[in-house]
Amino acid sequence: MKNLFLVVLFAVSSTVMRAQVYGGMSASTMVFGKFSPAEILMEDGRVIKTPSANVFMKNGSLVYKHGLTTMQASMRLVKQVRIADRLYLRTDTALAYVVDSVGKGVILCKTLIDADGYQRNMANSVDLTSLSLGGDQVSMTTLERYTDSDERYPLVNYYYLKYGDKLVLFEERALKRALSRDREREMLTLMQLPDFSWDNVKYMKKILELLQK
C-alpha cells in the first residue's frame with residue numbers, strides 16, 4: 001500500500017512539474033550578456049527604440065539603461081520587444097520569446113530564474129527575492145552584485161501556445177481545457193509516443209496545429 005501511495009504521489013508531482021522545464025544554469029540574472037539595442041512596440045501602437053536593453057530573468061521584465069541607472073519598463077504598456085536576434089511578446093507581466101510558428105499561431109518560451117531551486121541548492125546564498133525593484137527603477141548595486149558574482153542560477157522555461165487572442169500554457173491540464181474532445185484524444189495519442197517530452201518543439205507544433213483546427 002505504501003508503494004502504491006508513492007507511485008501515485010510521483011505521478012501527481014510529475015503532472016504538476018510539466019508546466020516548467022529545466023532551462024540550464026546562468027551566471028547572470030540577465031538573458032543577454034550585454035545590454036543591446038531594442039525596438040519596443042507599445043500597446044498604444046507607438047514604437048520606441050532604445051540603444052541599451054535587456055531581459056531581467058527574476059521576473060521576465062524589460063530593463064533598459066537611462067544614463068547610469070538601470071530602469072524596469074512598465075510591462076502593462078509593452079506589447080512586444082525585438083532585441084538581438086529574438087522577438088519577445090508579453091505574456092501577463094513577463095516577456096516570452098518566439099520559438100517557432102504554425103499558421104498564425106506561435107510557440108513562446110519564458111525563461112525565469114528558479115528562485116526556489118536557487119535557495120535550496122546554494123548554501124549560504126543571498127536570498128534572491130531580496131533583489132530590489134522599487135517602482136520602475138531597479139537597484140543597480142543589487143543587479144551588479146548578482147551579475148558580476150561567481151554564482152550560477154538555475155533556470156526554468158515555461159512554454160506557451162498563442163493563437164488568435166488565446167494564450168495556453170503548454171502543460172496537460174491547460175491544453176485539455178483548450179482542446180475539443182476529439183482533439184484532446186489526438187493529443188493524448190501524441191503523448192504516448194516514445195520521444196514525446198514537454199520541451200520538444202516538434203510536439204508543440206503538432207499540438208498548436210490541433211488548437212487551430
Side-chain angles (χ1 to χ4, degrees), residues 15-24 30-32 36-50 53-57 59-64 72-113 155-213:
T15 300
V16 173
M17 290 302 290
R18 285 170 184 167
Q20 63 182 47
V21 177
Y22 177 65
M30 300 291 178
V31 168
F32 301 100
S36 303
E39 184 176 279
I40 307 161
L41 175 63
M42 309 299 285
E43 284 289 352
D44 62 5
R46 289 180 300 138
V47 175
I48 298 174
K49 294 183 179 181
T50 177
N54 215 319
V55 179
F56 189 30
M57 290 189 290
N59 56 9
S61 64
L62 174 69
V63 292
Y64 60 96
Q72 177 176 281
S74 179
M75 293 304 296
R76 62 185 177 81
L77 303 178
V78 174
K79 185 173 184 178
Q80 70 178 46
V81 179
R82 187 174 293 279
I83 179 170
D85 59 345
R86 287 182 175 180
L87 175 63
Y88 283 87
L89 305 183
R90 179 171 60 84
T91 62
D92 50 69
T93 59
L95 292 175
Y97 69 90
V98 176
V99 176
D100 211 328
S101 63
V102 176
K104 295 183 178 181
V106 293
I107 300 165
L108 301 174
C109 179
K110 177 172 67 177
T111 301
L112 300 176
I113 292 173
L155 305 178
V156 288
N157 291 327
Y158 297 87
Y159 291 96
Y160 296 86
L161 305 181
K162 180 176 174 60
Y163 55 107
D165 59 353
K166 297 180 180 179
L167 182 70
V168 181
L169 181 64
F170 190 67
E171 59 94 21
E172 187 174 351
R173 186 178 301 175
L175 290 168
K176 283 181 176 180
R177 288 197 298 264
L179 289 164
S180 67
R181 185 63 59 87
D182 289 342
R183 302 309 180 198
E184 180 185 332
R185 281 196 289 267
E186 291 184 56
M187 181 188 74
L188 294 174
T189 300
L190 292 173
M191 290 171 56
Q192 300 306 313
L193 296 177
D195 63 337
F196 178 87
S197 68
W198 293 98
D199 60 350
N200 189 325
V201 175
K202 177 177 74 174
Y203 288 104
M204 294 182 200
K205 293 175 72 173
K206 288 179 181 295
I207 294 173
L208 179 55
E209 187 175 358
L210 292 178
L211 287 166
Q212 296 180 90
K213 285 184 177 179

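In what follows, every heavy atom counts, from backbone to side chain, and hydrogens, waters and symmetry copies are set aside.
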Using the rule given for side-chain contact (heavy atoms from CB on, under 4.5 Å), can you reason through Val168 versus Leu208, listing the C-alpha separation, both sets of side-chain angles and the distance that settles it, and then say yes or no? CA-CA 10 Å; Val168 181; Leu208 179 55; over 6 Å; no
Under the side-chain hydrogen bond (donor to acceptor under 3.5 Å, both in side chains) criterion, do Ser180 and Asp182 qualify, and how do the steps go? CA-CA 6 Å; Ser180 67; Asp182 289 342; 5.6 Å; no
Verdict with supporting geometry, Met187 and Arg183, side-chain contact (heavy atoms from CB on, under 4.5 Å): CA-CA 6 Å; Met187 181 188 74; Arg183 302 309 180 198; over 6 Å; no
Between Lys49 and Ile40, is a side-chain contact (heavy atoms from CB on, under 4.5 Å) present by the stated rule, with each step listed? CA-CA 6 Å; Lys49 294 183 179 181; Ile40 307 161; over 6 Å; no
With side-chain contact (heavy atoms from CB on, under 4.5 Å) as the criterion, how do Lys104 and Tyr163 come out once you've worked through the C-alpha distance, each side chain's angles and the decisive distance to 0.1 Å? CA-CA 6 Å; Lys104 295 183 178 181; Tyr163 55 107; over 6 Å; no
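Taking both residues in full, the closest heavy atoms of Leu169 and Tyr158 are given as CD1-CB, 4.4 Å, listed atom of the first, atom of the second, then distance. Of all the heavy atoms in Ala96 and Thr91, the pair that sits closest is CB-CG2, 3.9 Å. When all heavy atoms of Tyr64 and Gln72 are compared, the pair lying nearest together is CE2-C, 4.3 Å. Minimum interatomic distance between Phe56 and Val63 (heavy atoms only, all atoms of both residues): CB-CG1, 3.9 Å. When all heavy atoms are compared, the tightest approach of Leu62 to Ala53 is CD1-CB, 4.1 Å.
Note that the CG atom of Leu161 and the CE atom of Met204 stand 7.5 Å from one another [nearest 0.5 Å]. Distance check, rounded to the nearest 0.5 Å: CG of Asp100 to NZ of Lys202 gives 13.5 Å. In this structure, CD on Glu171 lies 10.0 Å from NZ on Lys176, to the nearest 0.5 angstrom. Distance check: Lys162 NZ to Leu211 CG gives 13.0 Å after rounding to the nearest 0.5 Å. In this structure, CD on Glu39 lies 8.0 Å from CG on Leu41, to the nearest 0.5 angstrom. Atom CE of Met75 and atom CG of Asp92 lie 9.0 Å apart (nearest 0.5 Å).
Here the side chains of Ile107 and Lys205 are in contact, with some heavy-atom distance below 4.5 Å. Asp44 is not listed as a side-chain neighbour of Lys79, based on a closest heavy-atom distance of 4.5 Å or more. Put simply, the side chain of Ile48 reaches to within 4.5 Å of the side chain of Met42, judged on heavy atoms. At a threshold of 4.5 Å between non-hydrogen side-chain atoms, the residues Val31 and Thr111 do not count as touching.
At a threshold of 4.0 Å, the pair Arg90-Glu43 counts as salt-bridged, since one of the basic side-chain nitrogens sits closer than that to a carboxylate oxygen. Remark: Lys206 does not engage Glu209 in a salt bridge, criterion side-chain N to carboxylate O under 4.0 Å.
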Going by atom type alone, with no hydrogens or angles, which donor-acceptor pairs under 3.5 Å involve a side-chain atom of residues 81-89 and a protein atom two or more places apart or on another chain?
unit_1 : atom_1 : unit_2 : atom_2 : d
Arg86  : NH1    : Tyr88  : OH     : 3.2

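Here the side chain of Gln20 pairs no donor or acceptor atom with the backbone of Tyr159 at under 3.5 angstrom. In terms of modelled atom types and a separation under 3.5 Å, the side chain of Thr189 and the main chain of Arg185 share a donor-acceptor contact. Put simply, the side chain of Asn157 never gets that close to the backbone of Cys109: no donor and acceptor are under 3.5 Å apart. Distance alone, capped at 3.5 Å, is enough to place a donor-acceptor pair between the Gln212 side chain and the Gly105 backbone.
In summary, the side chains of Ser197 and Asp199 do present a donor paired with an acceptor at a separation below 3.5 Å, with no hydrogens or angles considered. Checking Tyr203 against Asp195 by side-chain atom types alone, a donor-acceptor pair falls below 3.5 Å.
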